[in-house]
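These notes concern the structure reproduced below.
For the numbers below, each heavy atom of this structure counts, side chains included, while hydrogens, waters and symmetry mates do not. Start at 1 and go down the list; that is how both ligands and their atoms are numbered.
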Amino acid sequence: MKPILMSPGIYHLGANITNGDLFEGLWPIPNGVSLNSYLVKGEKTALIDLMRDWDDATLTLEKELKALNLDFSDIDYLVLNHMEPDHTGWMRGLLDRNPNIQMILTKKAADIAREFFGVTENLTIVKTGDTLDLGDDKVLHFVEIPNVHWPETMVTFEPVSGTLFSCDAFGSYGSLEGSVFDDQISEEKHDFFEVESLRYYANIVSSFSTFVLRAIDKLKDLEIKVIAPSHGLLWRENPKEIIERYRRYAEYAQGPAEPEITVIWGSMYGNTKEVLNSVVQGIRSEKVKVHVHQVPNEENSYILGSAWKSTGIVLGMPTYEYKMFPPMAHTLDLFNRKHVFHKKAFRFGSWGWSGGAQKECDTLTETLKWDFLDPVEWQGAASDEVKALAMERGKELAREVKSLCKG
Ligand code: FEO
């Protein structure tokens with residue numbers, strides 16, 4: 001990537017990660033992810049958010065600085081909004097290249113810098129309300145937004161340009177290919193980033209939804225003209241769009257979400273699959289949008305995105321050795337970790353010589369606060385009566401979802 005002038009003295013510097021690695025060692029990013037850093041030049045120069053040495057990201061950063069006739073040794077301050085290593089992994093490397101650089105971070109961030117990277121020197125601790133004057137009318141303001149994403153997180157605001165450097169908040173998966181601003185991309189690309197911001201939210205931020213709402217409230221009095229996150233698109237034409245999108249995503253945790261239903265199913269020999277079509281037909285007959293995902297064939301990253309925005313969930317899986325089909329247990333474990341709460345739901349599935357899936361499903365979903373309709377269970381192959389009942393249950397769920405979303 002090349003440095004992009006955002007406003008006088010403020011530049012976007014960034015690197016795309018496209019080497020096929022998993023994000024957090026866990027989440028697929030087939031369309032890449034950008035690591036966005038920013039340069040703010042007054043009489044002094046600050047770099048906001050760093051990178052890890054990943055897919056040549058730091059080499060890219062060096063080239064971008066060079067294009068501005070700068071080197072790492074020309075940077076006076078490194079502002080570390082958030083300590084997860086995608087933004088800080090190279091902090092020891094940067095210190096080696098520039099032993100005079102001063103790092104600006106919260107108290108909790110300093111603890112993490114010590115434990116992760118052995119860095120205890122050149123640290124300046126800041127808190128909400130503190131500022132850093134770079135001269136030439138560039139003053140950085142710091143606001144702590146704990147748990148968006150880690151407890152030490154803050155954002156940085158530059159009031160003259162109205163730029164909020166928000167780190168993970170308001171971010172998205174997806175590489176930036178030439179265009180970095182919301183007003184430079186097509187409708188199709190906006191659709192792409194909408195899908196990828198939802199998946200990013202559900203994978204990375206969803207457990208902290210209460211804190212997201214608190215952060216949005218805390219930032220409400222800032223005159224934000226540009227949202228500059230550390231992953232994904234920058235918003236200058238319509239920064240409210242991504243703020244409101246994040247507010248909506250955070251509120252899904254309280255239910256209801258969108259008037260949609262996610263069906264997650266797995267089948268050993270096709271007896272549970274036999275009934276899937278009846279359920280989906282039932283939902284569709286009520287004109288409710290349905291997303292269908294198979295486990296273990298599909299990545300949970302995508303299932304999480306779909307489930308997060310759906311008001312209704314259907315689980316279709318057989319009993320497997322007195323418990324549920326194991327991949328579904330894994331998905332429900334993730335739903336617990338990621339707080340996929342307050343859904344309207346039902347379960348269908350077959351059993352062979354003994355039941356047990358329903359009991360485990362009841363246990364694993366207890367903490368999710370889901371409201372279940374009666375399950376549809378049967379031994380062996382499904383009869384026409386079972387299929388008809390499953391279709392009826394699909395309709396019933398769809399009607400409930402519509403009613404909840406109307407209210
Ligand atoms: Fe992009 Fe939580 O780090």
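- Residue side and main chain included, H87 places no N/O/S atom under 2.8 Å of atom 2 (Fe) of ligand 1.
- Backbone or side-chain N, O or S atoms of C167 do not reach atom 1 (Fe) of ligand 1 at under 2.8 Å.
- Salt-bridge check for R97 with E62: passed, with a basic side-chain N closer than 4.0 Å to an acidic carboxylate O.
- The angle that H149 ND1 and E84 OE1 make at atom 2 (Fe) of ligand 1, rounded to 10°, works out to 80°.
- Note that R92 lies outside the cation-pi zone of F117, set by a 6.0 Å cut-off to the ring centre and a 45° limit from the axis.
- The atom name of the N/O/S atom in D86 closest to atom 1 (Fe) of ligand 1 is OD2.
- Counting just the N/O/S atoms of H231, the one with the shortest distance to atom 1 (Fe) of ligand 1 is named NE2.
- Atom 2 (Fe) of ligand 1 sits nearest to atom OD2 when only the N, O or S atoms of D168 are considered.
- Salt-bridge annotation for K108 and E144: absent, with no side-chain N of the basic residue lying under 4.0 Å from a carboxylate O of the acidic one.
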Tell me, with the steps shown, if W235 and F193 meet ring pair (Phe, Tyr, Trp, His ring centres under 6.0 Å). CA-CA 12 Å; W235 299 77; F193 275 113; 8.4 Å; no
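- For the side-chain contact (heavy atoms from CB on, under 4.5 Å) with L233, the qualifying choice from N36, V180, I185 is I185, the only one to do so.
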